[in-house]
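Here's the structure we're looking at; comments come further down.
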Amino acid sequence: MHVSTYCGWILIIVTISFASPTKPSTGCGYTACNLGDPTKLNVHIVSHTHDDVGWLKTIDQYYYGSRNNIQHAGVQYILDSVIRALDENADRRFIYVEIAFFWRWWNEQTDAMRNKVREFVNDGRLEFISGGWCMNDEAATHYNSIIDQHSLGAEFLRDQFGECGRPKIGWQVDPFGHSRDQGSLLAQMGFDGLFQGRVDYQDWQTRNRTKTMEMVWKTSTNLGNQSWLFTAILRDEYSPPDGLCFDDSCSDPPIMDDPRLHDYNVPERVQAFIQASRDQAAGYATNHIISPMGADFHYENANEWFKNLDKLIKYVNLEQANGSNVNTFYSTPSCYLYALNKAGRTWTTKTDDFFPYADRPHGFWTGYFTSRPALKLYERHSNNILQITRQLNAFSNSQLRDSIFVLSEAMGVVQHHDAVSGTEKQEVAFDYAQRLSVGIDNAIRVINKAFDKLLPKDTQPAPGPQFLCQVTNISECLPIQDQTRFTLTLWNPTVHPVLQHYRVPVTRSYTVRDPTGQPILSELIPVSNATKKIPGRTSTAGNQLIFRANLPALGFNTYLFEAKTTEENQEPKVKITQNAECILENQNIRVEIDAQGNLQHIVNLRKSVDVSFSSQGFYWYQGFAGNNSHPEFQASGAYVFRPLTQTAEPVSQTRTVTCIKALSVQIAVIIFNDWASQEISLYDEAQHVEVEWTIGPIPVNDNIGKEIIIRYDTDIQSQAKYYTDANGREVLERIRDYRPTWNYTILEPVSGNYYPINSRIWIKDQNRQFTVLTDRSEGGASLHDGSVEIMLHRRLLYDDDLGVSEALNESAFGEGLVVRGRHSLVVDASATSARIHRVSAQNMYMHPLAVYSLTQQTFANYSAAYRLTWSALTDVLPLNVHLLTLDQLGSKDYLIRVEHYFEMNEDDTYSHPVTIDLQSILKSIGTITNTVELTLGGNLPLAELQRLNWVTSDKESSHATDHKEPSLNDTSVRLTPMQIRTFQVTVA
Ligand SMILES: *[C@@H]1O[C@H](CO)[C@@H](O)[C@H](O)[C@H]1NC(C)=O
Ligand SMILES: *[C@@H]1O[C@H](CO)[C@@H](O)[C@H](O)[C@H]1NC(C)=O
Ligand SMILES: [Zn+2]
């Protein structure tokens, strides 16, 4: 089957219809590369612009070039200007990276212009590199959204440019450190290599000294050679050599080459380039080097860059007549990579990642792992809605992919390395949130259309409008407040049934009926004072009604709520005690909290594993208040975490504890002070403990910036080791004060040990493992054996001088921002029992979506008209399989990604390969008639993928076990640990 025929949203979004079909490729691809002169030092000049998808200005301000008083930058002019400049000289090459901008520009172009651009692409003169919607951040992103943002760009490029537009090379030149799973995902997208701009300065110096700037990165402990990715580190981030910047934002001398005129400078300019090339070559392994010529928002006047580069290339090469060995030419990252590949040599390998990143002593960029924690959660929340909306669209055959595009596009933008990272100006952070909000509004329309089809039995009219209550985390849902009847429909996006206790903020008491009509246990838990005083909360709900939902796999249940009359108004008695010992216990776990509110033990009763706590709670670091004039004066800011002292202080000396015992949940509400509290909840039958933390407004009236952590000090003998995940997938071992690949000089004992936590961190000893799961990306460390700390919120008064020029001092409702979040704690045996944390983490990021609707109907009437329960699955799918993507592409075509989300050897039962039948997921949609396996990005049949071969210094070949999965003659799919497989299926 041919995959590249459908392009649903393009047809709708792009108003100008398709121009003449793309001409067959003549000059794109490796075969058209200039590979230089084997006897010379070949300098590959790469003309590029680094266009941030929002940072100091919003993406659209950058696109149009508005508000140039903040930063002079206008991407529309860059693209206009580059195309003109390419037209003037066929030797010139340009690469373009950020499809969020290119798409904006493309929508405005005439057919004639589009055809010209297609010719440039077909001739290899314009090359898309990376080709994601943005250049995504790697520390605060989740794999689901990294894959989506790359797929969004790749789909656009495939539809508009075909094979010559297919990105093959990663270009992560500005992200602030690099995750191993980013490399793994790019390899699975079929990329041949990756360029990085920022690695730790100690790492860079070591590699420069040992000529190991380029390597084979083994990015997965599970996926073998197919996850190897050739990785190259650039000379100086992505900047041109000193003194050789020819943009109109630079002031280096141009090439003045008419000897009749004053200031003739060709010899000096040529020597400057030759010297810079030789300096760079000293740290690189071959007689090829790559020289990025461009920087942030360069080429607005492309003529200036290109005219000088034309001359520079000419005069540098003329110098060969005088014995120079430097040969330079316009090239691309692909052609440079191909030249290295053809060099026929072997490469060192790397198996760890590139975190954390320091650009100078005391400058550890570990603050952004946590910066803007509310935006970081909103991004995850939006992804949950996006994935569920796609599922609902598919199962209802609503064909509203163009409406979902608004949220997909916003999510693509928010993955940018100054977006979800939290390193943008405040106004820009608001713009990102607004984009997500508008995207969600569009998604809600799709959700409504879908439920209009899924809920009614037969030909009943649709039920009333369905709405979300997006701030139930502060016990607020205004549309249902005081209502006598409403429905709550919970959609479970996972392929396994889930048991979830749900909390609904209420002002009165209700009978809750499950899909069979039975009233079910529901209990009223008082809304805490800490919640009631959260700024902006207007709800008068004094209670949360808690009930248990047993949801079917990949489907929904509807619960009908009917207000109780006063006579029947008897809830089971909830027992509340204050400042007394509080023991939370269910079938699986016991949590012991003393009368002073100190967590003392968590016991896994089934495994007899007891973790005791010497302390647990909130602490704060004082952010360094420097002027950044020297590394020693580095301030703590949006990027950098730099504490003044290396010890965190407790936020309070005492705390109060309120113990709430209901049948469905037992809760300890622990108040530390008037801006820090936690609720520790143990639900009936749960296998993990939930900690809901609330921080803020962080007081700064003492003029001290504060960085708030939660810390768990246990008796686990962790021996300096701790474990953190990469983008929600594979877990890496961390060793305190240690780097696996160089002799590390410690300058920041706290910050230098922080790593990104996207979903989990754990410590363990012989028999016990203590895991903390997070609801968003955060930074954390283990600074002492047995201790885990996670940074939750940061309020700082100084800028860290990395461009933002604002202190990270978020406020809302006229006060410092209050942030609330959740951790799940898992206490388990340490060997081969990953099930609870893997399953819990998957259910945390793909939790059920709650949609509400007001109704006047009794249960009898409602159930006569509407389905109350439905599942897409009739077969039980194995527990270790996750449905990562279900996206309806066209009336009969679906993109589907399934994954095995356990690692090898981490669980006795679930770490084995599994086989599933895709048909069982699509049974309710139809019979699968055709299946084509695609690369992870969804833009190429896997059978057509050919990656370059690389050989390591141990003489291993990256092709050694590069096996293609056997082509499917039926719809069964085998998955090995951590494997994701992507299919386009056609259904009859
Ligand atoms: C890289 O290494 C080369 C060769 O040892 C050296 O000359 C050069 O100064 C180094 N570059 C930097 C920036 O340290
Ligand atoms: C909550 O606040 C109310 C009113 O200020 C007070 O009476 C009550 O004791 C507080 N509850 C707790 C658990 O502190
Ligand atoms: Zn950038």
Side-chain angles (χ1 to χ4, degrees), residues 48-57 59 62 71 73 75 97-98 100-101 130 132 134-139 171-177 196-213 233-239 241-242 275-285 289 292 294-298 357 359-360 365 368 413 415-425 428 525-534 542-543 574-580 582 597 638-639 654-660 667-674 677 679 802-804:
H48 79 104
T49 178
H50 177 72
D51 297 347
D52 287 308
V53 177
W55 179 39
L56 310 181
K57 307 200 290 192
I59 176 176
Y62 276 132
Q71 180 183 10
V75 175
V97 177
E98 299 86 2
F101 284 121
S130 253
C134 67
M135 183 185 297
N136 66 257
D137 172 62
E138 302 187 35
W171 186 254
Q172 293 288 103
V173 298
D174 198 22
F176 327 130
Q196 299 178 337
R198 295 181 183 273
V199 301
D200 185 280
Y201 71 100
Q202 295 181 18
D203 190 9
W204 193 97
Q205 284 167 359
T206 308
R207 291 181 178 283
N208 180 55
R209 200 169 56 244
T210 55
K211 288 178 171 276
T212 53
M213 300 291 270
I233 297 165
L234 296 175
R235 167 192 58 211
D236 178 18
E237 296 165 12
Y238 46 90
S239 312
D242 278 350
Q275 193 55 49
S277 302
R278 290 189 176 140
D279 287 351
Q280 180 181 348
Y284 284 75
I289 58 171
D296 294 12
F297 300 98
H298 278 201
Y357 163 66
D359 65 332
R360 58 178 190 169
W365 299 35
Y368 83 98
V413 167
Q415 304 311 310
H416 169 59
H417 57 269
D418 296 301
V420 68
S421 58
T423 55
E424 64 282 65
K425 280 186 184 288
V428 179
I525 307 285
V527 171
S528 73
N529 284 357
T531 297
K532 283 182 180 159
K533 70 183 175 65
I534 288 177
N543 284 295
V574 171
K575 253 185 70 187
I576 300 182
T577 56
Q578 290 208 351
N579 297 327
C582 183
Y639 302 82
T654 59
R655 49 187 88 171
T656 63
V657 54
T658 303
C659 198
I660 302 172
I667 306 171
V669 181
I670 302 171
I671 311 283
F672 288 72
N673 62 27
D674 59 4
S677 64
E679 267 192 49
L802 294 164
V804 178

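Whatever order the structure lists ligands and atoms in, that order sets their numbers, starting from 1.
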Practice item. Please report the shortest heavy-atom distance between Glu424 and Ala419, naming the atom on each side. Key: OE2-O, 2.8 Å
Review point. Quick one: CG on Asn208 to CG on Asp203, what's the gap to the nearest 0.5 Å?
Key: 11.0 Å
Practice item. Pick, from Val669, Thr656, Ile671, Asn529, the option with the minimum heavy-atom distance to atom 6 (C) of ligand 2. Key: Asn529
Review point. Under 3.5 Å, N or O to N or O, is Thr658 touching ligand 2 that way?
Key: no
Check your understanding: So which protein heavy atom does atom 10 (C) of ligand 1 come closest to, and at what separation?
Key -> Asn208 ND2, 2.4 Å
Point to revise | Nearest protein heavy atom under 4.0 Å from atom 8 (C) of ligand 2, yes or no | key: yes
**Study point:** Of Asp51, Asp418, Asp52, Val97, the residue whose pairing with Met135 passes side chain to side chain contact (heavy atoms under 4.5 Å, CB included)
**Key:** Val97
Study note, to complete from the structure: For the Zn ion (ligand 3), the nearest N/O/S atom on Asp174 is atom OD2
Exercise for review: List the atom of Ser677, the atom of Ile671, and the distance in Å for their closest heavy-atom pair.
Suggested key: CB-CD1, 3.9 Å
Point to revise | Nearest heavy-atom neighbours spanning Val53 and Cys134 | key: CG2-CB, 3.8 Å
Review point. To which protein heavy atom is atom 4 (C) of ligand 1 closest, and what is the distance rounded to 0.1 Å?
Key: Ala282 CB, 3.6 Å
Check your understanding: Within the structure, does at least one protein heavy atom fall under 4.0 Å of atom 14 (O) of ligand 2?
Key -> yes
Review point. Which N/O/S atom belongs to Asp52 and is the closest one to the Zn ion (ligand 3)?
Key: OD1
Check your understanding: So is Lys532 close enough to ligand 2, meaning a heavy atom under 4.0 angstrom away?
Key -> no
Revision key, fill the gap. Looking only at heavy atoms, the pair that brings Thr656 and Asn579 closest together is CA-OD1, 3.4 Å
Review point. With backbone taken as N, CA, C and O and side chain as the heavy atoms from C-beta onward, which portion of Tyr284 lies under 4.0 Å from ligand 1: side chain, backbone, both, or neither?
Key: neither
**Study point:** Short N/O/S contact of Asp418 with the Zn ion (ligand 3) (below 2.8 Å)
**Key:** no
Practice item. Name the orientation class of the two ring planes belonging to His48 and Tyr238 (parallel below 30°, tilted from 30 to 60°, perpendicular beyond 60°). Key: perpendicular
Check your understanding: Just wondering, more than 12 heavy atoms not from Asp242 lying within 6.0 Å of its CG?
Key -> no
**Study point:** Side-chain heavy atoms of Cys582 within contact of Ile670, under 4.5 Å
**Key:** no
Exercise for review: Decide, counting backbone as well as side-chain atoms, whether His50 has an N, O or S atom less than 2.8 Å from the Zn ion (ligand 3).
Suggested key: yes
Review point. Just wondering, is there an N, O or S atom on Asp296 that's nearer than 2.8 Å to the Zn ion (ligand 3)?
Key: no
